[in-house]
There are 2 protein chains.
Amino acid sequence: MNIGSAARATELPRKTIRYYEEIGLVHPARAHNGYRDYSDTDVHRLKFVQRARSLGFSIEECRLLLSLYDDEHRASADVKALALEKIGEIDRKLDELQSLRATLSRLVETCQGNDRPDCPIIDDLARA
Amino acid sequence: MNIGSAARATELPRKTIRYYEEIGLVHPARAHNGYRDYSDTDVHRLKFVQRARSLGFSIEECRLLLSLYDDEHRASADVKALALEKIGEIDRKLDELQSLRATLSRLVETCQGNDRPDCPIIDDLARA
DNA sequence: TCTTGACCTTCCCGTGGCGGGAAGGGTTAA
DNA sequence: TTAACCCTTCCCGCCACGGGAAGGTCAAGA
């Protein structure tokens, strides 16, 4: 299976698949003409990474998850710890975004939003 | 005021201040020795940008906010529109993060987290 | 057989918003 | 004079790719 077919099978862009090879996440064989040749296992690993990425894991975390996936003697606690840390990260981002949202909302509420220049939003930025 | 003092006054790293000049957000004068020389106005603009960045505005949005700040004939509606769009952006990110969090939480709850290899989190990644 | 078009390859540059560090010059106090 | 800081420009690195150039390969049709 060449890279185009693998891209269709995984719904990943070709560029992304080549990048994943470059950084060592997958190791496809090469055909006699130099084309990359993806096995079902390769495609499976690519899908694994795609799913992990879509859940918010970084490339390095995906690498770790793949190594756990490969490890028959893994402890599920290690996987769970990774996921819990990711949840913590998400929670921190949520807090930050909610705080930003609250501040912006407060500012927006006080702004008339007409054709005159007086603007509490600009004033806030200039005052701080 | 040289860049070190400006950095202390604005709580921005020197590198960031130079970058803001490079991309045309501020235009400090130069002393005879080639050192950047920041006026109170320059420092004020830097603080303005720092505050806007901390509220989640991108550099290009900061550039726009600065031009509105400079424009005595601005319409506050334009500023408000920018802030509202930013709130919408934040809401989209919040939705996405909350969705990720829910998925990860579901997976984490089903995982025993012990020293055995069976792991619904890995299974989910591999199955999808 | 030749050509066309759809693949594939590697290579290099760009993104946003800076940070790190090298190489070199200016300033100030002991 | 020397040390300790300040400043300058310049270039590379980050993350996770995307765009595009230059060139090789392959299958189908005229």
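Numbers restart at 1 for each chain; the letters A, B, ... are given by sequence-line order, proteins then strands. The analysis underlying the following values was restricted to heavy atoms, covering all of them including side chains, and did not include hydrogens, waters or symmetry mates. Bear in mind that the values here come from a model prediction, so they are computed numbers and not experimental data.
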Does [X], at its [atom1] atom, have more than 12 non-hydrogen atoms belonging to other residues, nucleotides or ligands within less than 6.0 Å?
| X | atom1 | value |
| --- | --- | --- |
| A/Glu96 | CD | no |
| B/Asp95 | CG | yes |
| A/Gln112 | CD | no |

Could you go step by step and tell me if A/Lys86 and A/Glu89 meet the salt bridge (charged side-chain N to carboxylate O under 4.0 Å, His left out) rule?
CA-CA 5 Å; A/Lys86 182 56 62 181; A/Glu89 216 175 280; 2.9 Å; yes
Hey, is the side chain of [X] poking within less than 4.0 Å of OP1 or OP2 on [N], counting only N and O atoms?
| X | N | result |
| --- | --- | --- |
| B/Thr16 | C/dG17 | no |
| B/Arg18 | D/dT8 | yes |
| A/Arg30 | D/dT25 | no |
| A/Arg14 | C/dC8 | yes |
| A/Arg8 | C/dC7 | no |
| B/Tyr35 | C/dT27 | no |
| B/Tyr20 | C/dC18 | yes |
| B/Asn33 | C/dG26 | no |
| A/His32 | D/dC26 | yes |
| B/Asn2 | D/dC6 | no |

Protein-nucleotide distance ([X], atom [atom1]; [N], atom [atom2]), rounded to Å:
| X | N | atom1 | atom2 | value |
| --- | --- | --- | --- | --- |
| B/Ile59 | C/dG14 | CD1 | P | 19 Å |
| B/Ile3 | C/dT27 | CD1 | C1' | 17 Å |
| B/Ile17 | D/dT9 | CD1 | C1' | 17 Å |
| A/Lys15 | C/dT9 | NZ | C1' | 11 Å |
| B/Met1 | C/dT27 | CE | C1' | 18 Å |
| B/Tyr19 | D/dT9 | OH | P | 16 Å |
| B/Asp37 | C/dG26 | CG | P | 17 Å |
| B/Arg36 | D/dT9 | CZ | C1' | 9 Å |

Which listed nucleotide (D/dA16, D/dG18, C/dG17) is nearest to the side chain of A/Pro13?
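Given the options D/dA16, D/dG18, C/dG17, the side chain of A/Pro13 is closest to D/dG18.
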For the residue pair B/Asp37 and B/Asn2, establish whether any side-chain heavy-atom pair is separated by less than 4.5 Å.
no
Map B/Ser58 and A/Ser5 onto DNA chain C by nearest heavy atom, then report which one ends up closer to the 5' terminus.
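Checking each residue's closest nucleotide, the 5'-ward one belongs to A/Ser5.
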